[in-house]
Student: 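Sending over a structure as structure tokens; questions will come in a sec.
Because only heavy atoms are used, hydrogens play no part in the values below, and waters and symmetry mates are left out as well, while side chains stay in. By convention in this document, chain letters (A, B, ...) are assigned in the order of the sequence lines, proteins followed by strands, and residues within each chain are numbered from 1.
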Amino acid sequence: MMEFYGYHRPDGQVGARNHVAIIPSVVCANDVAQAIERQVQGCVGYYHHQGCCQLPPDLQRVTDTLIALGLSPNVGAVLIVSLGCEGTDHKRLYETIAASGKPVEQIYIQQLGGASRAIQAGIDRAQKLAIAISGYRREPADLSQITMAIKCGGSDTTSGMASNCVIGYIADKLVDLGASVVFGETTEFIGAEHILARRAVSEAVAGDIYRIVNEMETRAKSLGCDMREGQPTPGNIAGGLSSIEEKSLGAIVKSGTRPIQGVLGYTERMDGRKGLWIKDTPGREPEILTGMAATGAQFMMFSTGRGAPQGFPTMPVIKVCGNPHTYERMQHDMDLNAGRIITGEASIAEVGEEAFALLLEVLNGRMTKNEAIGYFGSIDIFTMGPVI
Amino acid sequence: MILALKVHDRDNVATLFADAVQAGSEVEVRDKEGRQDHLTVHADIPYGHKVALADIPKGAEIYKYGESIGAASVDIRRGDYVHVHNLESLRARGDLEGGSR
């Protein structure tokens with residue numbers, strides 16, 4: 001049995017962090033939420049750009065995503081900042097998070113008499129929450145309580161040959177220890193879906209994999225252009241990746257080799273599911289990191305070659321860099337140098353074990369590079385329909 | 001010696017992890033078993049980019065990781081630089097199927 005030290009929540013989940021999350025229920029509340037967050041220690045905010053003037057399925061998606069973020073085990077308490085007239089279901093947002101047993105407060109900017117008064121009231125509430133959870137102590141928990149999210153961003157040809165191999169090594173190891181692993185980036189299954197489908201636990205799951213790839217490819221083709229420059233990105237192409245197929249084949253290496261249990265929708269939580277899962281997400285950082293944090297993942301392993309530096313407010317993100325030149329240039333943003341595999345100085349297993357030791361430390365409280373400098377402000381929620 | 005890595009036996013390209021590879025450079029290609037092959041590159045190739053290990057006629061598929069990563073858009077010779085100028089993606093090609101634009 002392998003253990004880490006985490007915060008045991010009333011609903012049975014165990015967190016690796018203990019934040020007060022400030023959740024604006026609509027983009028219009030961001031400035032008030034930000035002023036509160038800046039004033040009160042231990043707070044982080046989710047400054048998304050959704051929540052009003054959208055079609056009902058998207059409004060539900062935004063509400064469900066914000067609920068899932070509030071339910072994250074890394075969140076100790078929640079302050080919801082509402083405007084009062086938004087399209088999201090701000091009441092359900094409060095009630096569902098509060099039902100988990102963690103302390104939740106909610107303020108309404110319009111009721112309180114505008115921005116300055118809401119900021120004052122919000123600071124008072126957040127202060128109370130911050131003090132209330134500040135005395136929580138870390139206790140031992142089995143590693144099977146962990147969900148690891150995985151992602152590659154700013155990829156080049158070293159990603160599929162070094163950093164993604166390291167993450168695949170870790171993914172297999174965590175699945176074998178009884179933990180949960182979730183990966184996404186459906187766009188980057190295009191050209192590699194047949195390999196993933198072979199690893200599905202059933203015909204139905206294989207069918208789900210082909211379905212989400214077909215939906216994403218159809219969406220990409222709908223504007224009648226070649227997807228190149230959008231995916232692979234100009235950075236990917238400068239890094240030597242010539243097609244989405246090549247990018248995808250390198251990208252799926254990070255999921256390891258274990259069977260794929262199923263496909264989760266964007267807002268779905270892990271909710272006790274074990275083993276390796278797919279979440280249907282796009283590849284862009286702000287949207288996928290939000291979707292992955294919404295599963296309840298305590299941390300993310302993030303592979304990069306070009307050097308993607310950003311993290312997420314409540315989910316520590318460990319950067320594994322496959323390109324030795326990038327690692328040299330961006331050491332203050334990269335947590336681990338997998339470029340030593342490319343130069344022949346280390347094996348995948350050696351760097352994999354190093355990554356495993358680092359992730360245990362991060363679960364126990366050690367900050368990642370992006371966490372320490374607060375490089376996690378730009379987040380968003382993946383929506384499907386137009387802004388109307 | 002400049003090293004290029006071949007991932008899978010079926011691959012007809014290898015990835016170069018060296019700086020300043022110039023036209024005329026001699027390259028050593030290694031696979032997972034450590035087997036070696038030598039070739040001369042016909043163009044300057046940036047770090048992390050690919051070189052053809054065989055002649056690939058226009059329209060034929062290009063393999064890396066043992067899987068198709070697209071097709072040759074022109075005739076490619078062994079030793080040529082392979083990238084977006086001569087490799088065409090076969091997926092998500094809205095331009096070939098027409099779309100709503």
Student: Compare all side-chain heavy atoms of Lys64(B) with those of Thr157(A) and state whether any distance is below 4.5 angstrom.
Tutor: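 Lys64(B) vs Thr157(A): side chains touch.
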Student: Hey, which of Leu5(B), Val84(B), Leu3(B) has the most heavy atom pairs under 4.5 Å with chain A?
Tutor: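 Ranked by contacts with chain A, first place is Val84(B).
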Student: Any non-hydrogen side-chain atom of His194(A) less than 4.5 Å from a side-chain atom of Glu67(B)?
Tutor: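 Contact flag for His194(A)/Glu67(B) side chains = yes.
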Student: Mind checking the CG-OG spacing from Asn86(B) to Ser242(A)? Nearest 0.5 Å is all I need.
Tutor: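 Answer for the CG-OG pair, Asn86(B) versus Ser242(A), is 8.0 Å.
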Student: So for Ala192(A), is it side chain, backbone, both, or neither that comes closer than 4.5 Å to the heavy atoms of chain B?
Tutor: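 Neither; nothing under 4.5 Å.
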Student: Check whether Leu90(B) gets within reach of chain A through its side chain, its backbone, both or neither, counting any heavy atom under 4.5 Å.
Tutor: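 Looking at Leu90(B), backbone and side chain both touch chain A.
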Student: Checking an interface table here. Which of residues 28-52 of chain B come within a heavy-atom distance under 4.5 Å of chain A?
Tutor: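 Contacts with chain A: Tyr47(B), Gly48(B), His49(B), Lys50(B).
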Student: Could you tell me which portion of Met161(A) (side chain, backbone, both or neither) has an atom closer than 4.5 angstrom to a non-hydrogen atom of chain B?
Tutor: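 When you check distances to chain B, atoms from both the backbone and side chain of Met161(A) fall under 4.5 Å.
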Student: Taking side chain as everything from C-beta outward and backbone as N, CA, C, O, which of these in Ile342(A) sits under 4.5 Å from a heavy atom of chain B? Side chain, backbone, both or neither.
Tutor: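 The side chain, not the backbone.
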Student: CG/Leu87(B) to CD/Glu245(A) distance, rounded to the nearest 0.5 angstrom?
Tutor: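 It comes to 7.5 Å.
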Student: Only one of Glu193(A), Met227(A), Lys221(A) passes side chain to side chain contact (heavy atoms under 4.5 Å, CB included) with Arg91(B); say which it is.
Tutor: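 Considering Glu193(A), Met227(A), Lys221(A), a side chain to side chain contact (heavy atoms under 4.5 Å, CB included) with Arg91(B) is found only for Glu193(A).
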Student: Find the one option among Ile195(A), Thr218(A), Asp156(A), Thr343(A) whose heavy-atom pairs under 4.5 Å with chain B are most numerous.
Tutor: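 Highest number of pairs under 4.5 Å: Ile195(A).
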Student: Other residues, nucleotides and ligands only: do more than 12 of their heavy atoms fall within 6.0 Å of CZ on Arg284(A)?
Tutor: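 Count not over threshold, so no.
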Student: Taking atom CD as the centre, does Glu203(A) end up with more than 12 heavy-atom neighbours from other residues, nucleotides or ligands that are less than 6.0 angstrom away?
Tutor: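 Atom CD in Glu203(A) is not crowded, with 12 or fewer foreign heavy atoms closer than 6.0 Å.
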Student: Can you tell me how far the OG atom of Ser89(B) sits from the CD1 atom of Ile190(A), to the nearest 0.5 Å?
Tutor: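 Between Ser89(B) OG and Ile190(A) CD1, I get 8.5 Å after rounding to 0.5 Å.
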Student: Under 4.5 Å, heavy atom to heavy atom: which of residues 253-262 of chain A reach chain B? Give them by number, or say none.
Tutor: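 Result: none.
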